[in-house]
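What follows is a set of notes on a single structure, which appears directly below.
The structure presented is a predicted model; accordingly, all values stated were derived computationally and were not measured. When a ligand or atom number is given, it counts from 1 through the structure's own listing order.
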Amino acid sequence: MSKADTLFGLDGEVVVVTGGYGLIGSALGKGLAELGGKLAVIEPAPTEEKTRAVFGSAENIAVFAADVTKRDTLEAALGDIKKRWGAPTGLVANAALDSPPGAPVEENGPFETYPEASWDKVMDVNVKGVFLCAQVFGAAMAQAGRGSIVNVASIYGTVSPDQSLYEYRRQRGETFYKPVAYSASKSALYNLTRYLAVYWGPKNVRANTVTFAGVFNNQDPRFLEAYAKKIPLRRGRPDLANMAEANDYLGAVAFLLSPASGYMTGADLCVDGGFTAI
Ligand SMILES: NC(=O)c1ccc[n+]([C@@H]2O[C@H](COP(=O)([O-])OP(=O)(O)OC[C@H]3O[C@@H](n4cnc5c(N)ncnc54)[C@H](O)[C@@H]3O)[C@@H](O)[C@H]2O)c1
C-alpha cells in the first residue's frame, strides 16, 4: 500500500452519508466509495430505480431508508448497516433543507413575516437531524472506540447571506430575501460539532465541520454575475462562473474521514473559494 493510500484511503471504513441522492451527497457518495469506503447512504424514500440512476451498480454503495428527524428510522438503518458491513466508522451529516419544498411565498419574503412553520421545518432537519444522526451513528462509533463525524455547514452559517445577490429578483418585482432559518441552522452546527469533539474525544471519535460555498446549478445569469464577484479565486473555469462544483468538496470530506486528519477534531475546514475571506 502506498503512503498516499495509508494516509488518505478509506479501505475498511463504513461511512454513512445522509441525503446521498442530492447534488453534493451523490458526488460525495460516489467519490468516497471510489476511495475504498463502504457507503451507507441515508434517504427518506429510496427506490431501486433512483439508486441505480444516481450510483449505478457499485457494490460498495447501498441506500438505507431513514428520515434524519426520526430517531427510530435511524436506529433501524444502523441495524441494517451493521448486518451488512459492520458498525459505521464515519458519518457525513449532509442532509439539509434550504427552502423546504412547497414553502409558502412568505418564506422568501421579508424577515418580519418569515413563517414560524418554515423555521421549525428547517431547524428540524438541519439541526435536530444532525443531532439525532450523531446520537445514533456517533454512539455506535464511540462504542467501537473509533470514528469520524463530518457535519456539513455553509458559508451562510458563517456570515449572513448577502441580500444584494438577490437584488435582481426584487428588480423584477418579487419580494425576495434569502431566508433566515437556513443560516441560523448551519451556524448551530459549529458548536454542536465542538461539543461532540470534546464529549467523544476520550472515545477516539473525532468531529469536525466542513463549510461549503455555492455549487453551480444553472442559476440565473444575473445571480451568477453578482456571485462571481464575491469569489476571489479564479480557476479559469468560466463555465462555473466562479462557483464550486459538487466534486470540489470530496477532498475535504475524504481528508476528515481518513487517517490523514487523525489528530484533528473540533475544527472547521472551509472550502469556499475565499468567499468568507473578504
Ligand atoms: N448546494 C449548495 O450550493 C450548498 C452550499 C453550501 C452548503 N451546502 C450544504 O451541502 C449539503 C447538501 O446540499 P445539496 O445542495 O446537495 O442539497 P440537496 O437539496 O441537493 O440534497 C439534500 C438531500 O437531503 C435529503 N433529505 C432531505 N430531508 C431529509 C431527511 N429528513 N432525512 C434524510 N434525508 C433528507 C433529500 O432527499 C436530498 O437528497 C447541505 O447540508 C447544504 O446545506 C450546499
ask   = Does NZ or CZ of R169 lie under 6.0 Å from the centre of the six-membered ring of F176, at an angle within 45° of the ring axis?
value =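 Yes.
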inquiry  = For Y177, does the six-membered ring have the charged nitrogen or CZ of R170 within the cation-pi criterion, i.e. under 6.0 angstrom from the centroid and within 45° of the normal?
reply    =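 Output yes; distance and angle both within limits.
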Of the listed options [options], closest to [atom] (non-hydrogen atoms):
{"atom": "atom 5 (C) of ligand 1", "options": "S154, A213, A27, A66", "answer": "A213"}
{"atom": "atom 29 (C) of ligand 1", "options": "G129, A246, A45, P44", "answer": "P44"}
{"atom": "atom 3 (O) of ligand 1", "options": "T73, V17, V215", "answer": "V215"}
{"atom": "atom 4 (C) of ligand 1", "options": "T18, D272, I24", "answer": "I24"}

inquiry  = Quick check on side-chain hydrogen bond (donor to acceptor under 3.5 Å, both in side chains): which of D268, T265, N151 does T193 satisfy it with?
reply    =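 Option passing the side-chain hydrogen bond (donor to acceptor under 3.5 Å, both in side chains) with T193: N151.
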ask   = Which of the atoms in ligand 1, numbered in the order shown and given with their element, are less than 4.0 Å from a heavy-atom of N94?
value =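 It comes down to these atoms of ligand 1: 10 (O), 11 (C), 12 (C), 40 (C), 41 (O).
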key: Contacting atoms of ligand 1, where contact means under 4.0 angstrom from a heavy atom of G214   =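 Result: 3 (O).
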request  = Drop me the distance from W200's CH2 to R146's CZ, to the nearest 0.5 angstrom.
outcome  =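 Nearest 0.5 Å value for the CH2-CZ distance: 15.5 Å.
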key: Interatomic spacing from CZ in F212 to OG1 in T158 - rounded to 0.5 Å   =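 The CZ atom of F212 sits 12.0 Å away from the OG1 atom of T158.
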If we only count N/O pairs under 3.5 Å, is [X] in contact with ligand 1?
{"X": "F212", "value": "no"}
{"X": "G22", "value": "yes"}
{"X": "V68", "value": "yes"}
{"X": "T69", "value": "no"}

Considering only protein heavy atoms, which is closest to [atom], and at what distance to one decimal place?
{"atom": "atom 31 (N) of ligand 1", "value": "D67 OD1, 2.9 Å"}
{"atom": "atom 9 (C) of ligand 1", "value": "V152 CG1, 3.7 Å"}
{"atom": "atom 15 (O) of ligand 1", "value": "L23 CB, 4.1 Å"}
{"atom": "atom 22 (C) of ligand 1", "value": "A96 O, 4.0 Å"}
{"atom": "atom 24 (O) of ligand 1", "value": "G19 CA, 3.3 Å"}
{"atom": "atom 26 (N) of ligand 1", "value": "A95 CB, 4.0 Å"}
{"atom": "atom 37 (O) of ligand 1", "value": "E43 OE1, 2.7 Å"}
{"atom": "atom 27 (C) of ligand 1", "value": "L97 CD2, 4.2 Å"}

message = Taking a cutoff of less than 4.0 Å between a non-hydrogen atom of the residue and any ligand atom, is M243 in contact with ligand 1?
response =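 Under 4.0 Å: no for M243.
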ask   = Just wondering, do L233 and N242 contact through their side chains at under 4.5 Å, heavy atoms?
value =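 No - every pair of side-chain heavy atoms lies 4.5 Å or more apart.
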message = Angle between ring planes, W119 versus Y114, binned at 30° and 60°: parallel, tilted or perpendicular?
response =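 Answer is perpendicular, since the angle exceeds 60°.
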Parallel, tilted or perpendicular, as decided by the 30° and 60° cut-offs, for the rings of Y166 and Y156 =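 Geometry flag for Y166 against Y156: perpendicular rings.
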ask   = CD of E167: more than 12 outside heavy atoms within 6.0 angstrom?
value =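 Counting neighbours around CD of E167, more than 12 heavy atoms of other residues, nucleotides or ligands fall under 6.0 Å, so yes.
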task = Look at atom CD of Q163 and say whether more than 12 heavy atoms of other residues, nucleotides or ligands are closer to it than 6.0 Å.
result =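 Atom CD in Q163 is crowded, with more than 12 foreign heavy atoms closer than 6.0 Å.
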ask   = Side chain or backbone of Y182 under 4.0 Å from ligand 1, or both, or neither, by non-hydrogen atoms?
value =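 The answer is the side chain of Y182.
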request  = Mind checking whether A153 contacts ligand 1 via backbone (N, CA, C, O), side chain (CB onward), both or neither, at a 4.0 Å heavy-atom cut-off?
outcome  =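 Just the backbone.
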query = Between S26 and V54, what is the shortest heavy-atom contact and its length?
reply =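 Of all heavy-atom pairs spanning S26 and V54, the closest is CB-CG1, 3.5 Å.
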message = Strictly below 4.0 Å, N to O, side chains only: are E245 and R237 in salt-bridge contact?
response =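 Salt bridge: yes.
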task = Identify whether the distance between the nearest side-chain nitrogen and carboxylate oxygen of K178 and D162 falls below 4.0 Å.
result =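 Judged by the 4.0 Å cut-off on N to carboxylate O distance, K178 and D162 do not form a salt bridge.
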request  = Might you check, step by step, whether the distance between atom 19 (O) of ligand 1 and some protein heavy atom is under 4.0 Å?
outcome  =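 No, no protein heavy atom sits under 4.0 Å from atom 19 (O) of ligand 1.
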